[in-house]
Engineer: 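One structure, pasted below without further comment.
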Number of protein chains: 2
Amino acid sequence: MNSKQPTAAPPDAPANPVQALLEAPLSLRERKKLKTRQTIRREAYRLITEQGYENTTVEQIAAAAEVSPSTFFRYFATKEDLVLTDEYDPVVLDTLLARPADEPFLQSCRESMIGLIRDLLQHERQELLIRMRLVTEVPALRAGLSRSSSSPQELYLAALTRRAGVEEPTLDMRITAAAIGAATTEAVLQWAESDGVEDIVTLVDHTFAVLASGFAGV
Amino acid sequence: MNSKQPTAAPPDAPANPVQALLEAPLSLRERKKLKTRQTIRREAYRLITEQGYENTTVEQIAAAAEVSPSTFFRYFATKEDLVLTDEYDPVVLDTLLARPADEPFLQSCRESMIGLIRDLLQHERQELLIRMRLVTEVPALRAGLSRSSSSPQELYLAALTRRAGVEEPTLDMRITAAAIGAATTEAVLQWAESDGVEDIVTLVDHTFAVLASGFAGV
DNA sequence: CTGTCAAATGACAGTAACTCTCAAAAGATG
DNA sequence: CATCTTTTGAGAGTTACTGTCATTTGACAG
């Protein structure tokens, strides 16, 4: 369900998953861990926006966050993960799976994606923009975007597989997940490149329209 | 035109681009460079299939190819590039651009892709299979697949942009290129995962069918 | 409050992919 | 043969990341 809470979670989860984590009754240890993670990321973003991604070393970030480099790597497997992972991934999967099973998958993706974006824009628009801008500008990050369980591809594929109730995804599912994932990523990148000026919901909407058209327009 | 020949190339190019390079009247220097590149790659593949990708160091590869590590990096910018780049990319772009301009782009992609695959199967099926299998098995490679000018994404985007005769690609083009590129990649990966047993042309055909359907089937 | 256990941390050593610089070697050219 | 340019190798340096082990710190029972 949620990587932060392997044990059964209360069913009455609040709307914002990040707030939910902070509000939940956590042990001192858990609170400290969460705080450390936030501190590392905050300091990292500060340094990176000041001096650039490549010019910022893990050592610097660790020092700024007042932890050892060892600890940094316990919280983020790689330097890229600082930018490329977030706490929303499991939420996306959940909302996707919550859609009616007979709804066309493309539409499920559209609804869940737009809902997610609305939420993100409200709660952490600025951070999202910084991160996505970084992704567009730093080649290493752009390359790493499609990696890991954080990618839309993987999430969509997981949703499709579970929805069909099978173990191994079929080629159809892989194609679908890959195409939709890659396309929506482009929409978000375009939004970031416009510095958030363009309306992201419109962009995403347009993306799904193109996907649904079978690329007849080009 | 062609990264190997920035100057004007003769219009009567042979079918196989790699052969074409070898047959072309090259200076001693050019021939040596080509040979060095081939040797590095061959030795690399040998070592990698023997001991695995992660367990094979650049130093070992360089030693086996009898060049210095410095030279290795002059031929391949990264270790990943050994597996992820090939000499066919400019050819794909050329064949794509050679399709009639009024043909639907999806169909152009299909035709050019199938033509390319037929060619590859004839000339270097075994190597292609090894490479794609590596990509499916080594996380670092799978991650790097979408990077660099070698990715189908970039090629399709370049084709779309040139075909439209514009400088900057539109969002529509980006979406289209991303979706088609990601989808066809899945088809090839599926082929590699089946150890080349499944018919790749059928797989690719199927992929384009799904794309053209607007994902109505799922 | 105290002792005990488990989890988190830091210090440290090591590996390997790259980068940069510079001098030597080898092909191109007249 | 002489000169110019390209290619190469040697070596030093940086940095992301891994693994180990001793120390610290929070959890918890008595």
Side-chain angles (χ1 to χ4, degrees), chain A residues 3-7 24-41 43-44 47-48 51-85 134 138-141 143-144 147-148, chain B residues 4-7 24-41 43-44 47-48 51-85 138-141 143-144 147-148:
Chain A
S3 58
K4 295 302 183 291
Q5 290 172 309
T7 56
L26 295 173
S27 65
L28 174 56
R29 235 178 217 172
E30 292 298 315
R31 266 180 286 145
K32 275 195 108 171
K33 260 166 66 175
L34 220 54
K35 215 165 72 179
T36 305
R37 192 184 180 83
Q38 285 178 329
T39 305
I40 294 176
R41 227 203 293 252
E43 292 303 309
L47 288 172
I48 288 175
Q51 357 172 334
Y53 179 81
E54 307 283 5
N55 297 328
T56 306
T57 68
V58 169
E59 212 169 344
Q60 289 175 341
I61 297 171
E66 295 184 300
V67 296
S68 71
S70 313
T71 299
F72 173 93
F73 284 110
R74 286 198 188 91
Y75 280 89
F76 299 93
T78 70
K79 187 180 163 190
E80 291 180 5
D81 276 9
L82 270 174
V83 184
L84 293 179
T85 70
L134 268 177
V138 180
L141 291 176
R147 154 167 41 206
S148 89
Chain B
K4 294 302 184 292
Q5 289 172 310
T7 57
L26 295 173
S27 67
L28 174 55
R29 243 180 209 169
E30 293 297 316
R31 267 179 285 147
K32 276 194 109 172
K33 262 167 64 175
L34 220 55
K35 214 166 69 178
T36 304
R37 193 185 178 83
Q38 286 179 327
T39 306
I40 293 177
R41 225 203 292 253
E43 293 303 310
L47 288 171
I48 288 174
Q51 353 171 330
Y53 179 82
E54 307 284 4
N55 297 329
T56 306
T57 69
V58 170
E59 211 168 345
Q60 288 176 341
I61 297 171
E66 295 183 300
V67 297
S68 71
S70 313
T71 300
F72 174 93
F73 284 109
R74 285 200 187 90
Y75 281 89
F76 299 93
T78 69
K79 186 180 162 190
E80 290 181 6
D81 276 9
L82 271 174
V83 184
L84 294 178
T85 70
V138 180
L141 291 175
R147 153 168 41 206
S148 90

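Note on naming: letters A, B, ... go to the chains in the order of the sequence lines (proteins, then strands), and numbering restarts at 1 for each one. Keep in mind that what you see is a predicted model, and the values were worked out from it rather than measured.
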Engineer: What is the distance, rounded to the nearest whole Å, between atom CD of B:Glu66 and atom C1' of D:dA10?
Structural biologist: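 In whole Å, D:dA10 C1' and B:Glu66 CD are 17 Å from each other.
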Engineer: For B:Leu28 and B:Tyr53, find the nucleotide of DNA chain C closest to each by heavy atoms; which residue's nucleotide sits nearer the 5' end?
Structural biologist: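 Residue closer to the 5' terminus by nearest nucleotide: B:Tyr53.
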Engineer: Counting side-chain heavy atoms from CB outward, which of C:dA17, C:dA28, D:dT8 is closest to B:Ser27?
Structural biologist: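 Output: C:dA28.
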Engineer: Without decimals, in angstroms, what is the distance between A:Arg37 CZ and C:dT9 P?
Structural biologist: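 Answer to the nearest Å: 12 Å.
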Engineer: Rounded to whole Å, please give me the gap between CD in A:Gln60 and C1' in D:dT14.
Structural biologist: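 One finds 12 Å between C1' of D:dT14 and CD of A:Gln60, rounded.
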Engineer: Distances under 3.5 Å only, N/O to N/O: pair up the protein atoms with those of nucleotides 18-24 of chain C.
Structural biologist:
from: C:dC18; atom 1: OP2; to: B:Lys79; atom 2: N; distance (Å): 2.8

Engineer: Holding to side chain to side chain contact (heavy atoms under 4.5 Å, CB included), I want the full list of residues that pass it with A:Arg29, two or more places apart in sequence or in another chain.
Structural biologist: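 Checked A:Arg29 against side chain to side chain contact (heavy atoms under 4.5 Å, CB included); matches are A:Ser27.
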Engineer: Crowded around A:Glu66 CD? As in, over 12 foreign heavy atoms under 6.0 Å?
Structural biologist: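 Check fails, neighbour count at 12 or below.
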Engineer: Within this structure, what is the CD1-to-C1' distance between A:Ile40 and C:dG10, rounded to whole angstrom?
Structural biologist: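 Nearest whole value for this atom pair: 13 Å.
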Engineer: Rounded to the Å, how far apart are B:Glu59 CD and C:dA17 P?
Structural biologist: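 B:Glu59 atom CD is separated from C:dA17 atom P by 8 Å.
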Engineer: Any side-chain donor-acceptor pair under 3.5 Å between A:Ser68 and A:Thr71?
Structural biologist: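 Note: A:Ser68 and A:Thr71 side chains meet the donor-acceptor criterion.
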Engineer: I need the minimum non-hydrogen distance between B:Glu54 and B:Ala140, along with the two atoms involved.
Structural biologist: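 It is OE2-CB, 4.3 Å.
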Engineer: Measure from CZ on A:Phe72 to P on D:dC17 and round the result to the nearest Å.
Structural biologist: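 Distance, rounded to whole Å: 8 Å.
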Engineer: For B:Gly144 versus B:Glu80, what's the shortest heavy-atom pair and its separation?
Structural biologist: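 It is CA-OE1, 3.8 Å.
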Engineer: Whole angstroms only, please: what is the NZ-C1' distance between A:Lys35 and C:dA8?
Structural biologist: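 Rounded to whole Å, this separation is 15 Å.
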Engineer: Does a side-chain N or O from B:Thr71 land closer than 4.0 Å to OP1 or OP2 of D:dG9, or not?
Structural biologist: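 Checking B:Thr71 against D:dG9: at least one side-chain N or O falls below 4.0 Å of OP1 or OP2.
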Engineer: Any idea which heavy atoms bring B:Thr56 and B:Gln60 closest together, and the distance?
Structural biologist: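 Result for this residue pair: CA-OE1, 3.4 Å.
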Engineer: Going through the distances and angles, do A:Phe72 and A:Leu82 end up as a side-chain contact (heavy atoms from CB on, under 4.5 Å)?
Structural biologist: CA-CA 10 Å; A:Phe72 173 93; A:Leu82 270 174; 3.9 Å; yes
Engineer: I would like to know whether A:Tyr53 and A:Lys79 meet side-chain contact (heavy atoms from CB on, under 4.5 Å); could you show each step before the answer?
Structural biologist: CA-CA 10 Å; A:Tyr53 179 81; A:Lys79 187 180 163 190; 3.6 Å; yes
Engineer: Which part of the nucleic acid, if any, lies within contact of A:Tyr75, taking any heavy atom under 4.0 Å across all strands shown: a base, the sugar-phosphate backbone alone, or nothing?
Structural biologist: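 Sugar-phosphate, no base atom in range.
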Engineer: Tell me, yes or no, whether the heavy-atom count around A:Gln51 atom CD, taken from other residues, nucleotides or ligands under 6.0 Å, exceeds 12.
Structural biologist: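 Yes, enclosed.
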Engineer: Between D:dG9, C:dA16, C:dG27, which nucleotide gets closest to the side-chain atoms of B:Lys32?
Structural biologist: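 Selected nucleotide: C:dG27.
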Engineer: Tabulated below should be each protein N or O lying under 3.5 Å from an N or O of nucleotides 2-6 of chain D; please produce it.
Structural biologist:
from: D:dT5; atom 1: O2; to: B:Arg29; atom 2: NH2; distance (Å): 3.2
from: D:dT6; atom 1: O4'; to: B:Arg29; atom 2: NH1; distance (Å): 3.3

Engineer: Please report, rounded to the nearest Å, how far the P atom of D:dT18 is from the CD atom of B:Glu54.
Structural biologist: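 Answer to the nearest Å: 10 Å.
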